[in-house]
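Shown below is the structure under consideration.
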Amino acid sequence: MRQFVVDAFTDTVFKGNPAAICVLEDWPSEDMMQDIAIENNLSETAFAVRADDGVYDLRWFTPGGEIDLCGHATMATSYAILNLVERGADLVRYRTRSGPLSVRRVNGRYELDMPAYALSQIPITDEMEKAIGHRPDEAWLGRDLVLVFDDERKVIDADPDIEAVKRLDGLVQHLTAPGTEHDIVTRSFAPKVRVPEDPVCGSGHCHVAPYWARRLGKTELDALQASRRTGCLHCRVEGDRVVLGGNAALFSIAEIFLPGEPNPAQRCGISSQ
């Protein structure tokens, strides 16, 4: 099984968000996909199988289990398919648990079309303040929890109590604020799926981009994910969809040796002695 590792939402390796990708002819078992994700220990490992109609069925696994939507791993998968599997193509379509997705290459950048999450405002709690270290100005809940702050330094400098964050609402917890050099600044934490901080979260921007589009009165947003690795996203809100634009960089191509394969060490020239 061949596996690519691609850094998404960056134009250079060691930044953005790395994802592992396996483009396959048939599905492995769910246990095998989960074991590979645990072994990789990245925030996501993506598995894609091309159907007869040319559309790829796509699934995403974190070390803690399968999830319903992942933007950066979809971007990374698309980079691998468009550059290494279907060379010369400019569009790839997917079927996923969150409905149809597509990625198009436009002027050297990749544009990922994703569903926007509906948000409901919820009360601010002392637990939120204790977990993050600052009291948010607003709190919103979709699939994930969005905590809004008035100052980007509260997001950039935050040192959350990860165990306390795990007890908050939402699958993933996002801290977001207006930026000085970017329209918005965000950080994302996902301890419930064994990802303390997600370096760049595409599905998180399907929460925060619609919020900031309404608040700032603009449909296009320049977004900074202020993790240690950092990542840049161009967000365009189109009704109930969010188009995330960005770059990607290939880090590695490897071969996975699965249980039961004969003598994988010998295939690599390693003696059994």
Next item on the list: Could I get the full list of side-chain hydrogen bond (donor to acceptor under 3.5 Å, both in side chains) partners for Asn40, not counting sequence neighbours?
Entry: Gln3, Thr45
Next item on the list: State whether a side-chain donor-acceptor pair under 3.5 Å links Arg143 with Ser203.
Entry: yes
Next item on the list: With sequence neighbours left out, write down each residue that passes side-chain hydrogen bond (donor to acceptor under 3.5 Å, both in side chains) with Tyr79, or none if nothing qualifies.
Entry: none
Item checked: Side-chain ion pair, Arg229 and Asp7, N-O less than 4.0 Å -> yes
Notebook entry, point to check: For the atom pair SG (Cys201) and CD (Glu197), what is the distance rounded to the nearest 0.5 Å?
Noted result: 10.5 Å
Margin query: For Arg59 and Arg97: C-alpha separation, side-chain torsions, deciding distance, then whether side chain to side chain contact (heavy atoms under 4.5 Å, CB included) applies.
Written below: CA-CA 8 Å; Arg59 299 173 69 176; Arg97 289 173 57 182; 5.7 Å; no
Notebook entry, point to check: Residues in ring pair (Phe, Tyr, Trp, His ring centres under 6.0 Å) with Phe47, at least two apart?
Noted result: Phe61
Next item on the list: Taking only Lys NZ, Arg NE, NH1 and NH2, and the carboxylate oxygens of Asp or Glu, determine whether Glu111 and Arg236 approach each other closer than 4.0 Å.
Entry: yes
Next item on the list: Just jot down the ring pair (Phe, Tyr, Trp, His ring centres under 6.0 Å) partners of Phe4, sequence neighbours excluded, or say none.
Entry: none
Check: Arg215 and Val148: which non-hydrogen atoms are nearest, and at how many Å?
Finding: NH1-CG1, 3.5 Å
Using atom types as modelled, flag every donor-acceptor pair under 3.5 Å from a side chain in residues 127-135 to any protein atom, sequence neighbours excluded.
{"unit_1": "Glu129", "atom_1": "OE1", "unit_2": "Arg135", "atom_2": "NH1", "d": "2.8"}
{"unit_1": "Arg135", "atom_1": "NH1", "unit_2": "Asp126", "atom_2": "OD1", "d": "3.1"}

Next item on the list: Verify the cluster assignment for Phe9 and Val185: are they in a single hydrophobic cluster under the rule of side-chain heavy atoms below 4.5 Å apart?
Entry: no
Next item on the list: Find out if a path of hydrophobic residues (ILVMFWY) with successive side-chain heavy-atom gaps under 4.5 Å connects Leu112 to Ile67.
Entry: yes
Next item on the list: Give, for atom CG of Leu84 and atom CG of Leu250, the distance between the pair rounded to the nearest 0.5 Å.
Entry: 6.0 Å
Next item on the list: Identify which one of Thr74, Asp113, Val243 satisfies the side-chain contact (heavy atoms from CB on, under 4.5 Å) criterion when paired with Ser102.
Entry: Asp113
Check: ring pair (Phe, Tyr, Trp, His ring centres under 6.0 Å) with Tyr211: which residues, sequence neighbours excluded?
Finding: Trp140
Check: What pairs with Asp157 under salt bridge (charged side-chain N to carboxylate O under 4.0 Å, His left out), at least two apart in sequence or on another chain?
Finding: Arg153
Margin query: Going by the rule side chain to side chain contact (heavy atoms under 4.5 Å, CB included), which residues pair with Pro28 if we only count those two or more places apart in sequence or in a different chain?
Written below: Met1, Leu24, Met32, Met33
Run the side-chain donor-acceptor check on residues 165-175: report pairs under 3.5 Å with partners two or more places apart or on a different chain.
{"unit_1": "Lys166", "atom_1": "NZ", "unit_2": "Glu163", "atom_2": "OE2", "d": "3.4"}
{"unit_1": "Arg167", "atom_1": "NH1", "unit_2": "Glu163", "atom_2": "O", "d": "3.4"}
{"unit_1": "Gln173", "atom_1": "NE2", "unit_2": "Asp169", "atom_2": "O", "d": "3.0"}
{"unit_1": "Gln173", "atom_1": "NE2", "unit_2": "Gly170", "atom_2": "O", "d": "2.8"}
{"unit_1": "His174", "atom_1": "ND1", "unit_2": "Ser188", "atom_2": "OG", "d": "2.8"}
{"unit_1": "His174", "atom_1": "NE2", "unit_2": "Asp144", "atom_2": "OD2", "d": "2.8"}

Note to self: Are the side chains of His234 and Leu244 in contact, using a 4.5 Å heavy-atom criterion?
What the structure shows: no
Margin query: Could you tell me if the side chain of Ile162 sits less than 4.5 Å from the side chain of Phe189, heavy atoms only?
Written below: yes
Check: How many angstroms lie between atom CZ of Arg105 and atom CG of Leu82, to the nearest 0.5 angstrom?
Finding: 5.0 Å
Note to self: Just to verify, what does Tyr94 make a ring pair (Phe, Tyr, Trp, His ring centres under 6.0 Å) with, not counting sequence neighbours?
What the structure shows: none
Checklist line | Partners meeting side-chain hydrogen bond (donor to acceptor under 3.5 Å, both in side chains) with Asp150 (sequence neighbours left out) | finding: Lys154
Check: If you look only at pairs with a residue in residues 13-25, which of them pass as a side-chain hydrogen bond (donor to acceptor under 3.5 Å, both in side chains), with sequence neighbours excluded?
Finding: Asn17-Ser43, Asn17-His72, Asn17-Asp198
